[in-house]
Protein chains: 2
Amino acid sequence: MLDVRRLHLLRELDRRGTIAAVAEALTFTASAVSQQLGVLEREAGVPLLERSGRRVVLTPAGRSLVVHADAVLNRLEQAVAELAGARDGIGGPLRIGTYPSGGHTIVPGALAELALRHPALEPMVREIDSARVSDGLRAGELDVALVHDYDFVPATPDTTVDEVPLLEEPMYLVTRAGSGATDTDATAGPGHGGTLAALLGPCADVPWITARDGTTGHAMAVRACQAAGFQPRIRHQVNDFRTVLALVAAGQGAGFVPEMAAVPNPAGVVLTELPLFRRSKVAFRAGGGAHPAIAAFVAAATAAVGRMAGAGGPAGSAR
Amino acid sequence: MLDVRRLHLLRELDRRGTIAAVAEALTFTASAVSQQLGVLEREAGVPLLERSGRRVVLTPAGRSLVVHADAVLNRLEQAVAELAGARDGIGGPLRIGTYPSGGHTIVPGALAELALRHPALEPMVREIDSARVSDGLRAGELDVALVHDYDFVPATPDTTVDEVPLLEEPMYLVTRAGSGATDTDATAGPGHGGTLAALLGPCADVPWITARDGTTGHAMAVRACQAAGFQPRIRHQVNDFRTVLALVAAGQGAGFVPEMAAVPNPAGVVLTELPLFRRSKVAFRAGGGAHPAIAAFVAAATAAVGRMAGAGGPAGSAR
DNA sequence: CTCACACCTAAGCTGAACTTATGCTCGATG
DNA sequence: CATCGAGCATAAGTTCAGCTTAGGTGTGAG
């Protein structure tokens, strides 16, 4: 019978690319990983990996074995979830990852809800970039995470992660009040229904303030502008949306913020709703949806989002 | 992560009933199995088994964990099957189980076919009662097996075994020629379309020759007679159908034989086709259907059955 | 050319998992 | 009712799989 721990290593190798990275993620030495993969390969009777330069790549047989490994590990995750459900009560540590802005919007409400319903649960929040969530979940550093993706930024399908949608919110273009470009009033309601090109076009030549390089927010900004027909000239790279608003107000250029960050009466800026959406989701290891602590977090996050929307709070209307 | 080897033990415990039996099947000591199940239980955090008299039984949590274990092991079997397919050529030992009469009807033709197409394959045939095939497959003593079941004998659904149907053949009532009961001619063609009760009724008071106690053939005979409205008086218990024919010819009573065993011109007996069927199948570990050696055996057995039917051989028409 | 990165192999060490030995409880049997 | 064996659990000893450490090879970047 194939050893599932070895299949796990093979899967991580497929995801992380190098044996050294697998070893680091699972806190082994590279030697141990190499040896175990060697044993797996001998058991399989088929070459699973081959050297390519100074790294290794999976052979077709190796890649198809990874598919089986995914299925097996997924099912094991379901089993532990069910066992956790059979255990009485929800308790113990729950490692929660969140994208930065989620930390001060959704998370506080969700934690309050969790504390109320499951006092024995010990939530541990950690900021993490959405792109690294999958690795964190698989490595066991995280149990659940708030993640998001944008239109124009394809969320690479990942069989190791399951997701529950939380919120879909429009993005807003932020321009300086009185700049003349898209000037209406300081808290422009829903956009004029224009196309992305029509709405962004006037800002083709102003400098842009985007999220930091390598993030999905950055990629979204670039691709949205490209879709509108121009290449943005990026001056500032800042992840915090409040800073984006402040920089725009200071005349430093234009930027994007999601509805959640679009405070009702921002000073000195104009907000224009765009036909461009950001989707927030809760992610967890594939198969783990039945885990009571994870289900509880999903419920709490959903409730928190609902309350934010229902109260007509700073985030405006959610969908 | 749950250890799959331990899940395997749990599954075997569910199937075999006692830790001692699991240990024997997997060639461990009972102590080892007990210890490993203890570890599994501690990891699960939920009681998985509880003592019941001097044995143990699975708790509900334990049983639901077995369902996951089945799924996982099934998927692993698929993976090894695919790997075997990726390996070049079909070869090595193939352990084949067969019910006794299959050994001299289907198996020889299938082996000839296999030898022709896959000379590197080393088939190893072993007679085994259909009821024990599932255990043999799971224990790895067998890779494939010819099995059968009868009407009236429910084939208990088994998630650990996959089956491919091979042949469905009617059963024949065997009575002594000139006995006056159901006397037509020595090789009665298809029965007169009568009901089971009408066809078996005349033999209600004669002694019966059935398969040996504890086999599906025995159970079939008893239940068929019960369905016909009487309790058979069983005198001889014999598995070999040729012996059944000989005993009937010797005036020892009535019996059942499948079409395959109904030689064209048996001396001294009358064969009456019954509305009662026997289904022969090829069984293998769940998920193993893609294994090239197993697929080759299924194909060879199917071809052998087809040739037997096509040649209008001793077995008459197969369906 | 040199260095560092990524991988592999060899050798030694440690702990998990097995066996052996023993005891306990339950149920069948005379 | 006493006895015995079946079945499971625990304790202690042993073995081997799988880890780390150490060292060697090939590759690509500077």
Side-chain angles (χ1 to χ4, degrees), chain A residues 1-59 61-63 65-66 69 73 76 135 139-140, chain B residues 1-59 61-63 65-66 69 73 76 135 139-140:
Chain A
M1 192 171 56
L2 292 169
D3 188 318
V4 174
R5 295 181 64 239
R6 298 194 180 112
L7 292 179
H8 183 203
L9 293 180
L10 189 70
R11 171 170 93 161
E12 290 303 314
L13 178 60
D14 181 49
R15 299 293 191 283
R16 301 185 191 265
T18 73
I19 290 181
V22 174
E24 213 239 306
L26 306 187
T27 56
F28 286 138
T29 59
S31 176
V33 175
S34 175
Q35 287 176 48
Q36 290 304 308
L37 288 174
V39 173
L40 177 63
E41 196 160 19
R42 215 170 320 126
E43 285 176 347
V46 182
L48 299 176
L49 16 125
E50 58 186 359
R51 296 218 47 156
S52 159
R54 58 184 172 186
R55 358 193 357 156
V56 290
V57 295
L58 270 64
T59 62
R63 256 175 284 116
L65 191 52
V66 167
L73 293 166
L76 284 176
D135 285 352
Chain B
M1 193 169 52
L2 291 170
D3 187 319
V4 173
R5 296 182 63 240
R6 298 195 181 112
L7 290 179
H8 183 206
L9 293 180
L10 189 70
R11 172 171 93 160
E12 290 304 312
L13 179 60
D14 181 48
R15 299 293 191 282
R16 300 184 192 266
T18 72
I19 289 181
V22 174
E24 212 238 306
L26 306 187
T27 59
F28 286 138
T29 59
S31 175
V33 175
S34 176
Q35 287 177 46
Q36 290 304 307
L37 288 174
V39 174
L40 177 62
E41 197 162 18
R42 216 170 319 125
E43 284 176 348
V46 183
L48 299 176
L49 16 124
E50 57 186 1
R51 295 214 54 151
S52 157
R54 56 184 176 190
R55 349 188 11 150
V56 290
V57 295
L58 297 192
T59 62
R63 256 176 283 118
L65 190 53
V66 166
L73 293 166
L76 284 176
D135 285 352

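Letters go in sequence order (proteins before strands), and every chain restarts at 1.
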Provide, to the nearest angstrom, the distance between the [atom1] atom belonging to [X] and the [atom2] atom belonging to [N].
X: B:E41; N: D:dT10; atom1: CD; atom2: P; result: 10 Å
X: A:L37; N: D:dC19; atom1: CG; atom2: P; result: 11 Å
X: A:I19; N: D:dT20; atom1: CD1; atom2: C1'; result: 16 Å
X: B:R16; N: D:dG7; atom1: CZ; atom2: C1'; result: 17 Å
X: A:H8; N: D:dG18; atom1: NE2; atom2: C1'; result: 17 Å
X: A:R6; N: D:dG18; atom1: CZ; atom2: C1'; result: 8 Å

Side chain to side chain contact (heavy atoms under 4.5 Å, CB included) partners of A:Q35, counting only residues at least two apart: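 Side chain to side chain contact (heavy atoms under 4.5 Å, CB included) check on A:Q35 returns A:S31.
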Sugar-phosphate, base or nothing in reach of A:A32, heavy atoms under 4.0 Å: base
Sugar-phosphate, base or nothing in reach of B:S31, heavy atoms under 4.0 Å: base
Checking the side chain of [X] only, and the main-chain atoms of [Y] only, is there a donor and an acceptor separated by less than 3.5 Å?
X: A:S52; Y: A:V57; answer: no
X: A:E41; Y: A:L48; answer: yes
X: B:R5; Y: B:Q36; answer: no
X: A:R11; Y: A:L73; answer: no

CG-CG distance between B:D3 and B:L40, expressed to the nearest 0.5 angstrom: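 So the CG of B:D3 and the CG of B:L40 are separated by 8.0 Å.
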Please state whether the phosphate of [N], meaning OP1 or OP2, lies under 4.0 angstrom from any side-chain nitrogen or oxygen of [X].
X: A:T29; N: D:dT20; value: yes
X: B:S34; N: D:dA9; value: yes
X: A:Q36; N: D:dC19; value: yes

Sub-4.0 Å heavy-atom contacts from residues 43-58 of chain B onto DNA chain D, ordered by number: B:R51, B:R54, B:R55, B:V56
A:V39 vs B:A30, nearer the 5' end of DNA chain D by closest nucleotide: B:A30
Steps toward salt bridge (Lys or Arg N to Asp or Glu O under 4.0 Å) verdict (B:R6, B:E43): CA-CA 11 Å; B:R6 298 195 181 112; B:E43 284 176 348; 3.0 Å; yes
Note, A:V46 side chain near A:T59 side chain (heavy atom, < 4.5 Å): no
Nearest-nucleotide pick for B:Q35, side chain only, options being D:dT10, D:dC19, D:dC8: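 Minimum distance to the B:Q35 side chain belongs to D:dT10.
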Candidate pair B:R15 and B:D135, rule salt bridge (Lys or Arg N to Asp or Glu O under 4.0 Å), full reasoning: CA-CA 8 Å; B:R15 299 293 191 282; B:D135 285 352; over 6 Å; no
Outermost DNA chain C nucleotides near chain B [under 4.0 Å, heavy atoms]: C:dA17 to C:dG27
